[in-house]
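The structure appears right after this line, and notes come after that.
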Amino acid sequence: TGTFSYTTYHTLEEIDEFIDLLVAENPNLVSKIEIGNSYEGRPLNVLKFSTGGSNRPAIWIDTGIHSREWVTQATGIWFAKKITEDYGQDETLTAILDSMDIFLEIVTNPDGFAYTHSSNRLWRKTRSINAGSSCVGVDPNRNWDAGFGLTGASSNPCSETYHGKSAFSEVEVKSVVDFVTNHGNIKAFISIHSYSQLLMYPYGYTATQATHQAELDEVAKAAVDNLASLYGTKYEYGSTITTIYQASGSSIDWTYNSGIKYSYTFELRDTGYYGFLLPAKQIIPTAQETWLGLITIMDYTLNHPY
Amino acid sequence: KEDFSGHQVLRISTANEAQVEKVRELEKLEHLQLDFWRGPSYPSIPIDVRVPFPSVQSVKVFLEANGIKYSTMIEDVQLLLDEEQEEMLAFRSRARS
(Lines give C-alpha, C1' and ligand atoms only; values in the text may rest on other atoms or scores of the structure.)
Protein backbone atom coordinates (compact mmCIF):
# COMPACT_ATOMS: atom_id res chain seq x y z
CA THR A 1 0.00 0.00 0.00
CA GLY A 2 3.04 2.26 0.10
CA THR A 3 2.99 2.56 -3.68
CA PHE A 4 -0.80 2.60 -4.04
CA SER A 5 -2.01 5.76 -5.75
CA TYR A 6 -4.17 7.77 -3.41
CA THR A 7 -4.54 10.52 -6.00
CA THR A 8 -6.68 8.66 -8.47
CA TYR A 9 -10.09 7.03 -8.40
CA HIS A 10 -10.14 3.25 -8.27
CA THR A 11 -12.40 0.41 -9.32
CA LEU A 12 -14.00 -1.95 -6.82
CA GLU A 13 -11.46 -4.64 -7.68
CA GLU A 14 -8.58 -2.27 -6.99
CA ILE A 15 -10.13 -1.24 -3.67
CA ASP A 16 -10.57 -4.90 -2.69
CA GLU A 17 -6.91 -5.54 -3.55
CA PHE A 18 -5.92 -2.55 -1.44
CA ILE A 19 -7.93 -3.89 1.50
CA ASP A 20 -6.24 -7.29 1.28
CA LEU A 21 -2.81 -5.69 1.02
CA LEU A 22 -3.42 -3.46 4.03
CA VAL A 23 -4.50 -6.45 6.09
CA ALA A 24 -1.45 -8.44 4.99
CA GLU A 25 0.88 -5.59 5.86
CA ASN A 26 -0.66 -4.94 9.27
CA PRO A 27 -1.81 -8.29 10.64
CA ASN A 28 -1.69 -7.14 14.26
CA LEU A 29 -3.81 -4.08 13.66
CA VAL A 30 -6.10 -4.63 10.70
CA SER A 31 -8.45 -7.42 9.76
CA LYS A 32 -11.18 -7.81 7.18
CA ILE A 33 -14.69 -8.78 8.14
CA GLU A 34 -17.37 -9.77 5.66
CA ILE A 35 -20.66 -8.57 7.08
CA GLY A 36 -22.79 -9.95 4.25
CA ASN A 37 -23.22 -9.94 0.52
CA SER A 38 -24.75 -7.32 -1.71
CA TYR A 39 -27.86 -7.86 -3.81
CA GLU A 40 -25.67 -9.00 -6.70
CA GLY A 41 -23.56 -11.18 -4.43
CA ARG A 42 -20.51 -9.03 -3.84
CA PRO A 43 -18.88 -9.24 -0.39
CA LEU A 44 -19.60 -6.40 2.00
CA ASN A 45 -16.12 -5.83 3.40
CA VAL A 46 -15.42 -3.96 6.60
CA LEU A 47 -11.95 -3.18 7.90
CA LYS A 48 -11.50 -3.65 11.62
CA PHE A 49 -8.72 -1.72 13.30
CA SER A 50 -8.08 -3.18 16.72
CA THR A 51 -5.21 -3.46 19.17
CA GLY A 52 -6.82 -6.25 21.15
CA GLY A 53 -9.52 -7.03 23.65
CA SER A 54 -12.92 -8.44 22.94
CA ASN A 55 -15.99 -6.40 22.13
CA ARG A 56 -14.34 -3.11 22.91
CA PRO A 57 -16.35 0.06 22.46
CA ALA A 58 -16.10 0.97 18.82
CA ILE A 59 -16.44 3.67 16.19
CA TRP A 60 -18.13 2.97 12.86
CA ILE A 61 -17.21 4.88 9.70
CA ASP A 62 -18.71 4.28 6.27
CA THR A 63 -17.57 6.07 3.16
CA GLY A 64 -19.65 4.97 0.24
CA ILE A 65 -23.35 4.40 0.67
CA HIS A 66 -24.10 6.52 -2.41
CA SER A 67 -22.09 5.00 -5.22
CA ARG A 68 -21.58 8.08 -7.39
CA GLU A 69 -19.92 10.02 -4.58
CA TRP A 70 -16.50 8.78 -5.61
CA VAL A 71 -14.50 11.10 -3.40
CA THR A 72 -15.96 9.34 -0.36
CA GLN A 73 -14.67 5.87 -1.25
CA ALA A 74 -11.32 7.43 -2.21
CA THR A 75 -11.26 9.21 1.14
CA GLY A 76 -12.02 5.95 2.92
CA ILE A 77 -8.97 4.35 1.32
CA TRP A 78 -6.83 7.23 2.52
CA PHE A 79 -8.29 6.97 6.05
CA ALA A 80 -7.43 3.27 6.19
CA LYS A 81 -3.82 3.92 5.30
CA LYS A 82 -3.69 6.92 7.64
CA ILE A 83 -4.84 4.82 10.59
CA THR A 84 -2.08 2.27 10.02
CA GLU A 85 0.53 5.02 9.67
CA ASP A 86 -0.57 7.05 12.67
CA TYR A 87 -1.08 4.29 15.20
CA GLY A 88 1.90 4.44 17.54
CA GLN A 89 2.91 7.82 16.12
CA ASP A 90 -0.01 10.13 16.68
CA GLU A 91 -0.97 10.50 20.33
CA THR A 92 -4.67 11.03 19.77
CA LEU A 93 -5.24 8.14 17.38
CA THR A 94 -3.06 5.85 19.48
CA ALA A 95 -5.12 6.63 22.58
CA ILE A 96 -8.32 5.92 20.65
CA LEU A 97 -7.11 2.59 19.32
CA ASP A 98 -5.66 1.56 22.67
CA SER A 99 -9.19 1.61 24.08
CA MET A 100 -11.55 1.33 21.14
CA ASP A 101 -11.90 -0.43 17.81
CA ILE A 102 -12.58 1.34 14.53
CA PHE A 103 -14.69 -0.25 11.82
CA LEU A 104 -14.42 1.21 8.32
CA GLU A 105 -16.67 0.19 5.44
CA ILE A 106 -15.08 1.80 2.40
CA VAL A 107 -17.68 0.68 -0.14
CA THR A 108 -21.08 0.25 1.47
CA ASN A 109 -22.88 -0.13 -1.85
CA PRO A 110 -20.55 -2.21 -4.05
CA ASP A 111 -23.16 -3.04 -6.71
CA GLY A 112 -23.88 0.61 -7.27
CA PHE A 113 -20.18 1.44 -7.21
CA ALA A 114 -19.34 -1.23 -9.79
CA TYR A 115 -22.19 0.10 -11.91
CA THR A 116 -20.76 3.63 -11.79
CA HIS A 117 -17.56 2.24 -13.30
CA SER A 118 -19.15 0.01 -15.90
CA SER A 119 -22.32 1.69 -17.08
CA ASN A 120 -23.50 4.88 -15.42
CA ARG A 121 -21.07 7.15 -13.58
CA LEU A 122 -23.94 8.97 -11.92
CA TRP A 123 -25.71 5.97 -10.40
CA ARG A 124 -26.63 6.61 -6.76
CA LYS A 125 -28.80 3.74 -5.55
CA THR A 126 -28.46 0.02 -4.94
CA ARG A 127 -29.08 -2.33 -7.89
CA SER A 128 -31.99 -4.33 -6.52
CA ILE A 129 -34.92 -5.02 -8.80
CA ASN A 130 -38.20 -3.39 -7.79
CA ALA A 131 -41.18 -5.68 -8.38
CA GLY A 132 -43.69 -4.09 -10.71
CA SER A 133 -41.35 -1.37 -11.91
CA SER A 134 -38.82 -1.12 -14.68
CA CYS A 135 -36.71 1.16 -12.48
CA VAL A 136 -33.88 -0.39 -10.53
CA GLY A 137 -32.52 0.38 -7.09
CA VAL A 138 -33.31 1.90 -3.75
CA ASP A 139 -31.70 4.86 -2.05
CA PRO A 140 -29.77 3.13 0.74
CA ASN A 141 -29.89 6.27 2.83
CA ARG A 142 -33.69 6.38 2.86
CA ASN A 143 -34.10 2.69 3.72
CA TRP A 144 -33.47 2.75 7.48
CA ASP A 145 -36.11 2.31 10.11
CA ALA A 146 -36.25 5.90 11.29
CA GLY A 147 -39.26 7.77 10.03
CA PHE A 148 -39.26 5.31 7.14
CA GLY A 149 -41.50 6.42 4.29
CA LEU A 150 -42.26 9.85 5.73
CA THR A 151 -41.68 13.15 3.95
CA GLY A 152 -38.11 13.33 2.71
CA ALA A 153 -38.07 10.13 0.68
CA SER A 154 -39.91 9.02 -2.42
CA SER A 155 -42.33 6.14 -2.89
CA ASN A 156 -41.57 6.16 -6.62
CA PRO A 157 -39.07 3.43 -7.60
CA CYS A 158 -37.85 5.65 -10.43
CA SER A 159 -36.84 8.42 -8.02
CA GLU A 160 -33.26 8.85 -6.83
CA THR A 161 -34.60 8.94 -3.27
CA TYR A 162 -36.83 5.86 -3.47
CA HIS A 163 -37.10 4.45 0.05
CA GLY A 164 -37.69 0.83 -0.95
CA LYS A 165 -40.57 -1.49 -0.19
CA SER A 166 -39.87 -1.64 3.53
CA ALA A 167 -37.32 -0.50 6.08
CA PHE A 168 -34.08 -2.49 5.77
CA SER A 169 -35.26 -4.11 2.53
CA GLU A 170 -31.80 -3.52 1.07
CA VAL A 171 -29.30 -6.18 2.08
CA GLU A 172 -26.50 -3.60 2.07
CA VAL A 173 -28.40 -1.68 4.77
CA LYS A 174 -29.61 -4.72 6.70
CA SER A 175 -26.07 -6.08 6.90
CA VAL A 176 -24.86 -2.90 8.61
CA VAL A 177 -27.88 -2.90 10.91
CA ASP A 178 -27.27 -6.52 11.91
CA PHE A 179 -23.60 -5.87 12.47
CA VAL A 180 -24.19 -2.77 14.60
CA THR A 181 -26.96 -4.47 16.57
CA ASN A 182 -25.00 -7.66 17.19
CA HIS A 183 -21.90 -5.73 18.18
CA GLY A 184 -23.87 -3.79 20.76
CA ASN A 185 -21.03 -1.50 21.76
CA ILE A 186 -20.73 1.01 18.92
CA LYS A 187 -20.34 4.47 20.46
CA ALA A 188 -20.02 6.64 17.38
CA PHE A 189 -21.41 6.15 13.87
CA ILE A 190 -20.09 8.41 11.16
CA SER A 191 -21.39 8.21 7.62
CA ILE A 192 -19.53 10.04 4.88
CA HIS A 193 -21.14 11.50 1.77
CA SER A 194 -20.46 14.19 -0.78
CA TYR A 195 -21.09 17.01 -1.54
CA SER A 196 -21.98 20.40 0.06
CA GLN A 197 -19.48 20.72 2.93
CA LEU A 198 -21.77 19.97 5.82
CA LEU A 199 -21.55 18.13 9.11
CA MET A 200 -24.93 16.96 10.31
CA TYR A 201 -26.43 15.18 13.26
CA PRO A 202 -29.97 13.84 13.90
CA TYR A 203 -32.66 14.39 13.03
CA GLY A 204 -33.56 14.43 9.35
CA TYR A 205 -37.06 13.02 9.45
CA THR A 206 -38.44 15.26 12.15
CA ALA A 207 -37.96 18.81 13.33
CA THR A 208 -37.93 17.53 16.90
CA GLN A 209 -34.52 18.19 18.40
CA ALA A 210 -32.32 15.29 19.40
CA THR A 211 -32.07 14.87 23.17
CA HIS A 212 -28.34 15.60 22.99
CA GLN A 213 -28.67 18.43 20.47
CA ALA A 214 -26.54 20.91 22.43
CA GLU A 215 -23.69 18.46 22.89
CA LEU A 216 -23.84 17.20 19.30
CA ASP A 217 -23.77 20.78 18.11
CA GLU A 218 -20.78 21.63 20.26
CA VAL A 219 -18.82 18.63 18.98
CA ALA A 220 -19.80 19.46 15.39
CA LYS A 221 -18.49 22.98 15.81
CA ALA A 222 -15.18 21.71 17.15
CA ALA A 223 -14.96 19.22 14.27
CA VAL A 224 -15.58 21.76 11.51
CA ASP A 225 -13.22 24.25 13.13
CA ASN A 226 -10.49 21.63 13.16
CA LEU A 227 -11.32 20.61 9.59
CA ALA A 228 -11.10 24.22 8.40
CA SER A 229 -7.75 24.73 10.12
CA LEU A 230 -5.91 22.91 7.31
CA TYR A 231 -7.09 24.55 4.09
CA GLY A 232 -9.77 26.96 5.28
CA THR A 233 -12.59 24.83 3.86
CA LYS A 234 -15.82 26.12 5.31
CA TYR A 235 -18.41 23.70 6.59
CA GLU A 236 -21.87 24.37 7.93
CA TYR A 237 -23.21 22.19 10.68
CA GLY A 238 -26.48 21.39 12.40
CA SER A 239 -29.27 18.86 12.34
CA THR A 240 -30.01 17.34 8.93
CA ILE A 241 -33.47 18.87 8.66
CA THR A 242 -32.30 22.39 9.46
CA THR A 243 -29.05 22.25 7.51
CA ILE A 244 -30.02 20.71 4.21
CA TYR A 245 -33.54 19.28 3.93
CA GLN A 246 -36.00 16.87 5.41
CA ALA A 247 -34.77 13.33 4.81
CA SER A 248 -36.52 10.30 6.23
CA GLY A 249 -35.11 6.80 6.69
CA SER A 250 -31.48 7.87 6.97
CA SER A 251 -28.74 5.93 8.71
CA ILE A 252 -27.76 8.31 11.47
CA ASP A 253 -31.35 8.84 12.59
CA TRP A 254 -31.64 5.08 13.07
CA THR A 255 -28.31 4.80 14.88
CA TYR A 256 -29.17 7.70 17.17
CA ASN A 257 -32.57 6.21 17.96
CA SER A 258 -30.77 2.92 18.61
CA GLY A 259 -28.67 4.53 21.33
CA ILE A 260 -25.54 5.62 19.45
CA LYS A 261 -25.24 9.15 20.70
CA TYR A 262 -22.42 10.36 18.47
CA SER A 263 -24.12 9.90 15.11
CA TYR A 264 -22.90 12.19 12.35
CA THR A 265 -22.97 12.57 8.59
CA PHE A 266 -20.33 14.46 6.66
CA GLU A 267 -20.95 15.91 3.22
CA LEU A 268 -17.48 16.44 1.73
CA ARG A 269 -16.27 18.92 -0.92
CA ASP A 270 -17.35 20.92 -2.82
CA THR A 271 -20.02 23.62 -2.62
CA GLY A 272 -20.94 23.78 -6.26
CA TYR A 273 -18.25 23.60 -8.92
CA TYR A 274 -17.94 19.89 -9.59
CA GLY A 275 -20.50 18.26 -7.31
CA PHE A 276 -20.15 14.49 -7.60
CA LEU A 277 -17.43 14.91 -10.24
CA LEU A 278 -14.72 16.23 -7.96
CA PRO A 279 -11.34 16.08 -9.74
CA ALA A 280 -9.01 13.39 -8.42
CA LYS A 281 -6.37 15.95 -7.47
CA GLN A 282 -8.71 17.03 -4.65
CA ILE A 283 -8.89 13.54 -3.09
CA ILE A 284 -5.95 13.95 -0.73
CA PRO A 285 -6.72 17.48 0.48
CA THR A 286 -10.34 16.43 1.01
CA ALA A 287 -9.28 13.36 2.96
CA GLN A 288 -6.69 15.26 4.99
CA GLU A 289 -9.12 17.92 6.14
CA THR A 290 -11.92 15.44 6.76
CA TRP A 291 -9.58 13.39 8.92
CA LEU A 292 -9.21 16.37 11.23
CA GLY A 293 -12.97 16.58 11.64
CA LEU A 294 -13.19 12.86 12.12
CA ILE A 295 -10.45 12.67 14.72
CA THR A 296 -12.18 15.42 16.69
CA ILE A 297 -15.35 13.35 16.91
CA MET A 298 -13.46 10.13 17.66
CA ASP A 299 -11.37 11.80 20.37
CA TYR A 300 -14.49 13.27 21.96
CA THR A 301 -16.13 9.84 21.86
CA LEU A 302 -13.14 8.34 23.67
CA ASN A 303 -13.11 11.03 26.34
CA HIS A 304 -16.87 11.24 26.90
CA PRO A 305 -18.03 7.68 27.47
CA TYR A 306 -21.69 6.97 28.07
CA LYS B 1 -21.68 3.51 -20.91
CA GLU B 2 -24.36 6.09 -20.36
CA ASP B 3 -23.59 9.20 -22.37
CA PHE B 4 -24.09 12.52 -20.60
CA SER B 5 -23.19 14.73 -23.55
CA GLY B 6 -24.97 18.04 -23.36
CA HIS B 7 -26.27 17.41 -19.86
CA GLN B 8 -25.94 20.51 -17.75
CA VAL B 9 -25.96 20.97 -14.01
CA LEU B 10 -27.86 24.09 -13.06
CA ARG B 11 -27.59 25.87 -9.74
CA ILE B 12 -30.95 27.35 -8.86
CA SER B 13 -31.25 30.15 -6.33
CA THR B 14 -34.71 30.63 -4.94
CA ALA B 15 -35.76 33.88 -3.30
CA ASN B 16 -38.75 32.68 -1.33
CA GLU B 17 -40.90 29.72 -0.41
CA ALA B 18 -43.15 30.20 -3.45
CA GLN B 19 -40.16 29.76 -5.76
CA VAL B 20 -39.08 26.65 -3.84
CA GLU B 21 -42.57 25.28 -4.45
CA LYS B 22 -42.23 26.02 -8.16
CA VAL B 23 -39.01 24.00 -8.28
CA ARG B 24 -40.82 21.18 -6.46
CA GLU B 25 -43.34 21.23 -9.30
CA LEU B 26 -40.47 20.83 -11.70
CA GLU B 27 -39.21 17.87 -9.67
CA LYS B 28 -42.51 16.09 -10.27
CA LEU B 29 -42.30 16.34 -14.05
CA GLU B 30 -40.90 12.87 -14.71
CA HIS B 31 -40.65 13.27 -18.47
CA LEU B 32 -37.88 15.84 -17.99
CA GLN B 33 -35.73 13.15 -16.31
CA LEU B 34 -34.14 15.61 -13.93
CA ASP B 35 -31.57 14.42 -11.42
CA PHE B 36 -31.55 16.63 -8.34
CA TRP B 37 -28.05 16.63 -6.86
CA ARG B 38 -29.30 18.94 -4.11
CA GLY B 39 -33.06 18.95 -3.82
CA PRO B 40 -35.31 21.90 -3.00
CA SER B 41 -35.55 22.72 0.69
CA TYR B 42 -35.30 26.27 2.01
CA PRO B 43 -35.02 29.49 0.00
CA SER B 44 -31.51 30.17 1.30
CA ILE B 45 -30.14 26.81 0.19
CA PRO B 46 -29.16 26.42 -3.47
CA ILE B 47 -30.66 23.65 -5.58
CA ASP B 48 -28.45 21.74 -8.01
CA VAL B 49 -30.01 19.73 -10.78
CA ARG B 50 -28.61 17.73 -13.68
CA VAL B 51 -30.67 18.39 -16.76
CA PRO B 52 -30.46 16.06 -19.78
CA PHE B 53 -29.82 17.86 -23.05
CA PRO B 54 -33.38 17.46 -24.43
CA SER B 55 -34.81 19.12 -21.30
CA VAL B 56 -32.38 22.01 -20.95
CA GLN B 57 -34.46 24.49 -22.91
CA SER B 58 -37.74 23.60 -21.18
CA VAL B 59 -36.20 23.88 -17.72
CA LYS B 60 -34.59 27.22 -18.41
CA VAL B 61 -37.80 28.59 -19.88
CA PHE B 62 -39.72 27.38 -16.83
CA LEU B 63 -37.26 29.02 -14.42
CA GLU B 64 -37.16 32.27 -16.34
CA ALA B 65 -40.93 32.40 -16.66
CA ASN B 66 -41.20 32.14 -12.90
CA GLY B 67 -38.48 34.69 -12.22
CA ILE B 68 -36.22 32.10 -10.62
CA LYS B 69 -32.48 32.77 -10.84
CA TYR B 70 -30.08 30.10 -11.97
CA SER B 71 -26.54 29.67 -13.18
CA THR B 72 -24.81 26.88 -15.02
CA MET B 73 -22.64 24.92 -12.63
CA ILE B 74 -21.46 22.36 -15.19
CA GLU B 75 -21.77 23.18 -18.90
CA ASP B 76 -21.34 19.64 -20.17
CA VAL B 77 -21.24 16.73 -17.75
CA GLN B 78 -19.69 14.38 -20.31
CA LEU B 79 -16.63 16.61 -20.75
CA LEU B 80 -15.84 16.27 -17.05
CA LEU B 81 -16.44 12.53 -17.17
CA ASP B 82 -14.12 12.20 -20.18
CA GLU B 83 -11.39 14.05 -18.27
CA GLU B 84 -11.92 11.79 -15.29
CA GLN B 85 -11.66 8.66 -17.46
CA GLU B 86 -8.54 9.93 -19.21
CA GLU B 87 -6.87 10.49 -15.84
CA MET B 88 -7.75 6.99 -14.70
CA LEU B 89 -6.52 5.44 -17.94
CA ALA B 90 -3.29 7.42 -17.73
CA PHE B 91 -2.79 6.20 -14.17
CA ARG B 92 -3.31 2.57 -15.22
CA SER B 93 -0.94 2.97 -18.11
CA ARG B 94 1.74 4.37 -15.76
CA ALA B 95 1.05 1.64 -13.21
CA ARG B 96 1.48 -1.09 -15.85
CA SER B 97 4.74 0.32 -17.13
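Chain identifiers are assigned alphabetically (A, B, ...) following the order of the sequence lines, protein sequences preceding nucleic acid strands; residue numbering begins at 1 within each chain. Just so we're clear, the structure is a prediction, and the values are computed from it rather than from any experiment.
Screening residues 272-285 of chain A for side-chain hydrogen bond (donor to acceptor under 3.5 Å, both in side chains) gives A:Arg269-A:Gln282 as the qualifying pairs, with residues at least two apart or on separate chains.
Residue A:Trp70 touches chain B through its side chain alone, counting heavy-atom pairs closer than 4.5 Å. Only the side chain of A:Thr8 comes within contact range of chain B, with heavy atoms under 4.5 Å apart. Looking at B:Phe36, the atoms closer than 4.5 Å to chain A (heavy atoms on both sides) all sit in the backbone: N, CA, C or O. Heavy atoms closer than 4.5 Å to chain B are found in the backbone of A:Thr243, but not in its side chain. Proximity to chain A (any heavy atom under 4.5 Å) is restricted, for B:Arg50, to the side chain, taken from C-beta onward. Looking at A:Thr242, the atoms closer than 4.5 Å to chain B (heavy atoms on both sides) all sit in the backbone: N, CA, C or O.
Between A:Tyr245 and B:Gly39, the shortest heavy-atom distance links the atoms CE2-N, 3.6 Å. The two residues B:Met88 and A:His117 have their closest heavy-atom pair at CE-CE1, 3.6 Å. Of all the heavy atoms in B:Lys1 and A:Ser118, the pair that sits closest is CG-O, 3.2 Å. Nearest heavy atoms, A:Arg68 versus B:Asp35: NH1-OD2, 2.8 Å.
At a threshold of 4.0 Å, the pair A:Glu14-B:Arg92 counts as salt-bridged, since one of the basic side-chain nitrogens sits closer than that to a carboxylate oxygen.
More than 12 heavy atoms of other residues, nucleotides or ligands sit less than 6.0 Å from atom CD of B:Glu2. Residue B:Glu17 qualifies as enclosed at atom CD: its count of foreign heavy atoms under 6.0 Å is above 12. Surrounding NZ of A:Lys81 are more than 12 heavy atoms belonging to other residues, nucleotides or ligands, all under 6.0 Å away. Residue A:Ile284 qualifies as enclosed at atom CD1: its count of foreign heavy atoms under 6.0 Å is above 12.
Atom-to-atom distance recorded for A:Arg121:CZ and B:Glu84:CD is 4.0 Å, nearest 0.5 angstrom. In this structure, CD on B:Glu27 lies 8.5 Å from OG on A:Ser154, to the nearest 0.5 angstrom. Atom-to-atom distance recorded for A:Ser196:OG and B:Trp37:CH2 is 11.5 Å, nearest 0.5 angstrom. Summarising the geometry, atom CG belonging to A:Leu122 is positioned 9.0 Å from atom NE2 belonging to B:His7; distances are rounded to the nearest 0.5 Å.
Interface with chain A: from residues 58-83 of chain B, residues B:Met73, B:Ile74, B:Val77, B:Leu80, B:Leu81 qualify, criterion being any non-hydrogen pair under 4.5 Å.
Of all the listed residues (A:Gly275, A:Ser159, A:Gly272), the one sharing the greatest number of non-hydrogen pairs under 4.5 Å with chain B is A:Gly272. Most heavy-atom pairs under 4.5 Å with chain A: of the set B:Arg11, B:Arg94, B:Glu87, B:Glu30, this distinction falls to B:Arg11.
Counting heavy atoms from C-beta on, the side chains of B:Phe91 and A:His10 come closer than 4.5 Å.
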